[in-house]
Student: 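Here it is, the structure in full.
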2 protein chains.
Amino acid sequence: MATIVDVAREAEVSVATVSRVLNNSTSVLPKTREAVLEAIEKLNYKPNLLGRNLRRSQTKMILVLLPTVSNPFYSGIVKGIEDIGHKNGYNIMLCNTNSDYQREKTYLELLKNKLSDGVIFMAPELNEEELSEIGSKYPAVQCCEYKEGACVSHVSIDNYKAAYEIVSHLIELGHRRIGLIGSKSNCISSIQRHEAYKRALEDNGIQFDTDLVGYGNYSYKRALKAAKALLSRDDRPTAIFAISDIMAIGAIRAAKEARLRVPHDVAVAGFDNIDFASMYDPMITTIAQPRYEMGCVAMELLLKQIKGELDEPKSIMLDYNLIIRESTKVDTLK
Amino acid sequence: MATIVDVAREAEVSVATVSRVLNNSTSVLPKTREAVLEAIEKLNYKPNLLGRNLRRSQTKMILVLLPTVSNPFYSGIVKGIEDIGHKNGYNIMLCNTNSDYQREKTYLELLKNKLSDGVIFMAPELNEEELSEIGSKYPAVQCCEYKEGACVSHVSIDNYKAAYEIVSHLIELGHRRIGLIGSKSNCISSIQRHEAYKRALEDNGIQFDTDLVGYGNYSYKRALKAAKALLSRDDRPTAIFAISDIMAIGAIRAAKEARLRVPHDVAVAGFDNIDFASMYDPMITTIAQPRYEMGCVAMELLLKQIKGELDEPKSIMLDYNLIIRESTKVDTLK
DNA sequence: TTGTAGGCGTTATCAA
DNA sequence: TTGATAACGCCTACAA
């Protein structure tokens, strides 16, 4: 495998000159440059980035930590991260943490070992303190989920406001008994969506009733089970707000199995607007997060940190969008 | 940031000794090792992998090229790759090619530039020749999709046999007019599933009819459109085989919009067994590929190549599984 | 069992 | 504009 020395020899110049044309840094005589380019071509030379990285002490690699790639919610975000990253010469390393604390720690070694120039957390498992430490030592951004107390920039939507809005939509449709399929996880989005649900009810003079709350923990199966329990009650809810689309699908399935029509007998709303939300039957009313944009903004924020242009953590809230579909509103059905 | 030299000084030994305890290579006196460990602890030393990688000329990184992480089909495979990789000290770099030839080439630079020790292609865009060249120079494996002519190992299922089996299932249910929602892409799975469809019909004395073939190109929307066209015919098919679950969902939606009941009026079968296949209503009959296992096997094959234990390309076929659900069989409905 | 020293491939400083 | 050379941090003969 040819190295820079071979190229230099072939072109009859010094390695310094070769390096210059490689990085077109200082000026090189056109003739010399030509000769070098020819030698590179002839030897089919590819710079060994291992050498360059060591010398420059950077890798142009970004670590992206997400719970699992299998969740379609993340794909749009990842695309945004990649697009901005590539535009700036960075490559992305996608890593599944499986929501496992240890695994997340293991991946962070890549950062500490200099194999990555920065990290984006999609759903951090680390606690505030640990996150803050990472943030103080390395470029880091939280995207979507975040720990409020952590001294690390984040970009997300206002989950509270969005959930409040979708629950209000159900209330406007005339529903008074509105169930919740939530999660016992203490991630920020989960907590805020719960709180907003409660508050929206109370603001409309509807008493919050713990009996109407089920837990699905973001899985289809558990949401199905939780919704079944809710719907088999004598005073069953006439509407259900599930804090994720996948759980909304579970709820709709539960309704069907209980011979209840959606939305006629029970309306169901989700959250996230994954692709399947509009492919399901009925199509699901939900909150669309600006996923691509979130990814872009997160990456831009990270790049700023890498360049040292950001002195203190920044928190950015982007706009969301309530999308009303068949699962809540009768007249949207054909 | 502390380096190995600092640790050596702190522990009053040479850098060689520090390196030895780091890699516990040759024997080190317990007392010496203790001192080194203490120094490492005290200085909070983390080896700089950039230096190590350059010296060893390896990165312990594997490039995984897939069309898009948003396709839930890939998640299981990725998990298998990761598990085996991690078990052997390798990290995975997931990269979206977007099915773009140029983008794939760009990512392969990481391999040529020594930033990755090997590559797994999930759906190669490169042609046979280019693939063979990569395969001859670097450790490489194709997983799921593959180019038959390429001189690169691959692991997959027998798409032909699987498709033949699922079409036979439809025929056994009594269907004679069976439509196909396929793809014009010339990837191997697509071609083989088409051929098997045709052959299964002919083997059962059913004439192949191009009018019953629609193209969805693996997207929900286009499958929906293609299925609508098929179902609006006077001699509409009574069953549809879609070569992917997502397209099967499109077909089911088309049926519903045409006021046809699935499976009573039209049966629909898919392929892949993505999670949503069992979450959809009706649940979808499909072929389950051993995704996790495929990922494991692919990674193991790659590791063998890295270790130089594989002299020639190997092709491995794994077992699949026909899963019969509500979308084809009436009595599976509750 | 431990230390010395050379080298992995590159970039960047300093002189020329 | 170009060249010689010293790093970058680590590993590993080879020698002691």
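Proteins come first, then strands; the chains are lettered A, B, ... in the order of their sequence lines, and each starts at number 1. None of the values given here were measured: they were computed from a predicted structure.
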Student: Near Glu41(A) CD, under 6.0 Å, is it more than 12 heavy atoms from other residues, nucleotides or ligands?
Tutor: no
Student: Quick one: salt bridge (charged side-chain N to carboxylate O under 4.0 Å, His left out) pairs with a partner in residues 135-144 of chain B, sequence neighbours left out?
Tutor: Glu133(B)-Lys137(B)
Student: In this structure, how many angstroms lie between the P atom of dG9(C) and the CG atom of Asn113(B), rounded?
Tutor: 14 Å
Student: In this structure, how many angstroms lie between the C1' atom of dT2(D) and the CD atom of Glu12(A), rounded?
Tutor: 15 Å
Student: Which listed nucleotide (dT4(C), dC10(D), dT2(D)) is nearest to the side chain of Ser14(B)?
Tutor: dT4(C)
Student: Enumerate donor-acceptor pairs with a distance under 3.5 Å from any side-chain N or O in residues 7-23 of chain A to protein atoms, sequence neighbours excluded.
Tutor:
unit_1: Glu10(A); atom_1: OE2; unit_2: Lys42(A); atom_2: NZ; d: 2.9
unit_1: Ser14(A); atom_1: OG; unit_2: Ala16(A); atom_2: N; d: 3.3
unit_1: Ser14(A); atom_1: OG; unit_2: Thr17(A); atom_2: N; d: 3.3
unit_1: Ser14(A); atom_1: OG; unit_2: Thr17(A); atom_2: OG1; d: 3.4
unit_1: Ser19(A); atom_1: OG; unit_2: Asn23(A); atom_2: ND2; d: 3.4
unit_1: Arg20(A); atom_1: NE; unit_2: Thr26(A); atom_2: OG1; d: 3.3
unit_1: Asn23(A); atom_1: OD1; unit_2: Arg56(A); atom_2: NH2; d: 2.9
unit_1: Asn23(A); atom_1: ND2; unit_2: Ser19(A); atom_2: O; d: 2.8

Student: How close or far is atom P of dG9(D) from atom CG of Asp6(B), stated in whole angstroms?
Tutor: 9 Å
Student: What nucleotide among dT2(C), dC11(D), dT11(C) has an atom nearest to a side-chain atom of Arg52(B)?
Tutor: dC11(D)
Student: dC8(D) phosphate, OP1 or OP2: any side-chain N/O from Thr3(B) under 4.0 angstrom?
Tutor: no
Student: Scan side-chain atoms only and decide if Glu130(A) and Tyr101(A) contain a donor-acceptor pair under the 3.5 Å cut-off.
Tutor: yes
Student: Classify the angle between the aromatic ring planes of His86(B) and Tyr107(A) as parallel (below 30°), tilted (30 to 60°) or perpendicular (above 60°).
Tutor: perpendicular
Student: Which pairs would a plain distance check flag for residues 292-304 of chain A, meaning a side-chain donor or acceptor within less than 3.5 Å of a matching protein atom at least two apart in sequence or in another chain?
Tutor:
unit_1: Tyr292(A); atom_1: OH; unit_2: Asp83(A); atom_2: OD2; d: 2.7

Student: Could you tell me how far apart Leu22(B) (CG) and dC10(D) (P) are, to the nearest whole angstrom?
Tutor: 8 Å
Student: Under the salt bridge (charged side-chain N to carboxylate O under 4.0 Å, His left out) rule, what pairs show up with a residue in residues 139-148 of chain B, not counting sequence neighbours?
Tutor: none
Student: Quick one: CE on Met93(A) to CD1 on Ile120(A), what's the gap to the nearest 0.5 Å?
Tutor: 13.0 Å
Student: Which is true for Thr17(B) with a 4.0 Å heavy-atom rule: it touches a base, it touches only sugar-phosphate, or it touches nothing?
Tutor: sugar-phosphate
Student: Quick one, which residues of residues 42-50 of chain B touch DNA chain D with a heavy atom under 4.0 Å?
Tutor: Tyr45(B), Pro47(B), Asn48(B)
Student: In this structure, how many angstroms lie between the C1' atom of dG9(D) and the CD atom of Gln58(A), rounded?
Tutor: 16 Å
Student: To the nearest angstrom, how far is Asn53(A) atom CG from dA7(D) atom C1'?
Tutor: 16 Å
Student: Pull out every protein N or O sitting under 3.5 Å from an N or O of nucleotides 12-15 of chain C, one pair per line with the distance.
Tutor:
unit_1: dA12(C); atom_1: O4'; unit_2: Arg55(A); atom_2: NH2; d: 3.2

Student: Rounded to the Å, how far apart are Leu115(A) CG and dC8(D) C1'?
Tutor: 15 Å
Student: In terms of the nearest nucleotide of DNA chain C, which residue is placed more toward the 5' end: Gly51(B) or Arg33(B)?
Tutor: Arg33(B)
Student: Using a strict 4.0 Å threshold on nitrogen-to-oxygen distance, state whether Glu109(B) and Lys46(A) make a salt bridge.
Tutor: yes
Student: For a quick test of reading the model, state the closest non-hydrogen atom pair linking Asp6(A) to Thr3(A) and the distance between them.
Tutor: OD2-N, 2.8 Å
Student: Report the nucleotide, chosen from dC10(D), dT2(D), dT11(C), that has the shortest atom-to-atom distance to any side-chain atom of Ile4(B).
Tutor: dC10(D)
Student: Take the protein atom CZ of Arg9(A) and the nucleotide atom P of dG9(C), then report the distance between them rounded to whole Å.
Tutor: 12 Å
Student: Students often get this wrong, so: under 4.0 angstrom with heavy atoms, is Val5(B) touching a base, only sugar-phosphate, or nothing?
Tutor: nothing
